[in-house]
Participant: 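First, the structure itself, so that you have it in front of you.
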Amino acid sequence: MDGNGRWAERRGLARTAGHGAGEQALVDITYGAISIGVKALTVYAFSTENWRRPVDEVRYLMNFNQGLLHRHKLDLHEEGVRIAFSGRRDWRVPKRVLHDMQDAEELTKKNKTMTLNIAFNYGGRAEIVDAVRQLVADKVPVGKIDERSIRARLYHPELADPDLVIRTSGEYRISNFLLWEMAYAEFVFTDVLWPDFRREDLFEAVEEFQRRERRFGNVEQ
Ligand code: IPE
Ligand code: MG
């Protein structure tokens, strides 16, 4: 969900105003995704690298993400959305935020319409490291270490690998997002800044995705 800071700067506002404006985009994209039958939507809310930002911005983002849950979890629950999180639940995340994350997960865990997976304190490398740690903790023998056993220890093995990854704000980077899961994802890049991103932009990206030919390493036969 990139481009919040630039969106705000262009308007002479504080960067945090851009994060705030991104809330509408997130709501619209979530409901837009449901309307076209998307089963899983992962949004990158806060990365393991975002702790480097100024403390005020980090504090804002912690409060903001907690506020988002408060403002939307009941509506999402009614809509049948399962709320999940990918990322490290370590000491850097305030306890009250961890508590509300768990609350939202618990409330919505049986929902089937769509999974909204919020990548929070998430890093793709950290996820792989955590999976390897788990392999060792499980005492998996060397010969049993394969893609299946690693994948089974990612944060959400029950979610299919993403078919489509959309990067907003004209950046052409992966930025440590879903490294393992994206191996065969299709990418759509757009200049639209996240606070301006709406379901029409999502639908356009899906149409672009539908025009792609996916071979998964095979050749056309
Ligand atoms: C993305 O917007 C939001 C988070 C990383 C939390 P940015 O804050 O990265 O916005 P730009 O890239 O500075 O415009
Ligand atoms: Mg950015």
Side-chain angles (χ1 to χ4, degrees), residues 1-33 40-73 76 83-98 100-101 104-105 116-127 155-156 162 164-179 181-182 185 187-202 204-205:
M1 299 189 282
D2 204 5
N4 299 349
R6 279 163 284 168
W7 184 93
E9 277 157 24
R10 281 179 201 175
R11 286 166 176 74
L13 303 169
R15 294 177 50 80
T16 49
H19 300 314
E23 178 167 349
Q24 266 319 100
L26 179 58
V27 170
D28 197 58
I29 294 315
T30 302
Y31 289 98
L41 172 68
T42 298
V43 292
Y44 207 174
F46 194 87
S47 76
T48 46
E49 287 72 38
N50 285 149
W51 296 106
R52 295 184 192 142
R53 294 190 176 199
V55 285
D56 284 350
E57 185 170 346
V58 169
R59 191 178 305 124
Y60 178 93
L61 287 168
M62 290 297 135
N63 291 333
F64 176 63
N65 281 297
Q66 190 182 19
L68 270 176
L69 287 179
H70 278 264
R71 288 190 288 281
H72 301 291
K73 83 173 171 193
L76 291 170
I83 301 171
F85 296 90
S86 282
R88 278 194 177 155
R89 304 189 186 204
D90 61 22
W91 56 273
R92 294 184 292 186
V93 183
K95 281 222 165 55
R96 57 187 168 80
V97 178
L98 290 173
D100 287 4
M101 286 162 63
E105 275 178 336
L116 173 62
N117 183 31
I118 303 172
F120 188 75
N121 193 17
Y122 176 85
R125 288 183 174 175
E127 180 175 27
Y155 296 133
H156 285 288
L164 168 64
V165 175
I166 302 170
R167 174 105 199 203
T168 57
S169 83
E171 305 283 11
Y172 299 91
R173 287 190 289 276
I174 308 284
S175 297
N176 206 10
F177 191 50
L178 304 180
L179 292 181
E181 297 88 335
M182 290 203 298
F187 286 79
V188 169
F189 296 95
T190 167
D191 288 335
V192 178
L193 304 176
W194 176 252
D196 293 328
F197 199 76
R198 288 294 177 275
R199 65 181 71 190
E200 293 71 31
D201 303 295
L202 170 70
E204 224 175 88

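Both counts, for ligands and for their atoms, begin at 1 and track the order of listing. These values consider heavy atoms only, across backbone and side chains, with no hydrogens, waters or symmetry-generated copies.
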Participant: I'd like to know: is the Mg ion (ligand 2) within the 2.8 Å range of an N/O/S atom from E171, strictly under that distance?
Facilitator: no
Participant: Per the ring-ring contact (aromatic ring centres under 6.0 Å, His included) rule, which among Y60, F85, W51 passes with F46?
Facilitator: W51
Participant: Heavy-atom contacts with R6 under 4.0 Å: which atoms of ligand 1 show up? List them by number with element.
Facilitator: 11 (P), 12 (O), 14 (O)
Participant: Say whether E171, considering both its backbone and side-chain N or O atoms, lies within less than 3.5 Å of an N or O atom on ligand 1.
Facilitator: no
Participant: Of the side chain and backbone of L61, name the one, both, or neither that has a heavy atom under 4.0 Å from an atom of ligand 1.
Facilitator: side chain
Participant: Begin with the C-alpha distance, continue with both residues' side-chain angles, and end with the deciding distance and a verdict on side-chain contact (heavy atoms from CB on, under 4.5 Å) for N65 and L68.
Facilitator: CA-CA 5 Å; N65 281 297; L68 270 176; 3.8 Å; yes
Participant: With a cut-off of 4.0 Å, which atoms of ligand 1 are near a heavy atom of H19?
Facilitator: 3 (C), 8 (O)
Participant: Determine, considering heavy atoms only, which of R15, E57, R10 sits nearest to atom 13 (O) of ligand 1.
Facilitator: R15
Participant: Exactly one of N117, L178, I118 should register a side-chain contact (heavy atoms from CB on, under 4.5 Å) with S86. Which one does?
Facilitator: N117
Participant: Closest N/O/S atom of D2 to the Mg ion (ligand 2), by atom name?
Facilitator: OD1
Participant: Can you tell me if E9 has a non-hydrogen atom under 4.0 Å from ligand 1?
Facilitator: no
Participant: Do E57 and H19 have a side chain donor and acceptor closer than 3.5 Å?
Facilitator: yes
Participant: Looking only at protein heavy atoms, which one is nearest to atom 1 (C) of ligand 1, and how far off is it?
Facilitator: M1 O, 3.0 Å
Participant: Using side-chain hydrogen bond (donor to acceptor under 3.5 Å, both in side chains), reason through E23 and H72 one step at a time and then give a plain yes or no.
Facilitator: CA-CA 10 Å; E23 178 167 349; H72 301 291; 2.7 Å; yes
Participant: Tell me, which protein residue and heavy-atom name are nearest atom 7 (P) of ligand 1, and how many Å apart are they?
Facilitator: D2 OD1, 3.6 Å
Participant: Taking the six-membered ring for Trp, are F177 and Y122 parallel (under 30°), tilted (30 to 60°) or perpendicular (over 60°)?
Facilitator: perpendicular
Participant: Is R53 close enough to touch ligand 1? Criterion: a residue heavy atom under 4.0 Å from a ligand atom.
Facilitator: yes
Participant: Among S169, G22, A45, G5, whose heavy atom sits nearest atom 6 (C) of ligand 1?
Facilitator: A45
Participant: Do any N/O atoms on N50 end up under 3.5 angstrom from N/O atoms on ligand 1?
Facilitator: no
Participant: Tell me whether the NZ or CZ atom of R11 lies within the 45° cone about the ring axis of W7 and under 6.0 Å from its centre.
Facilitator: yes
Participant: Hey, what's the ring geometry for Y172 with F189, parallel, tilted or perpendicular (30° and 60° as the breaks)?
Facilitator: tilted
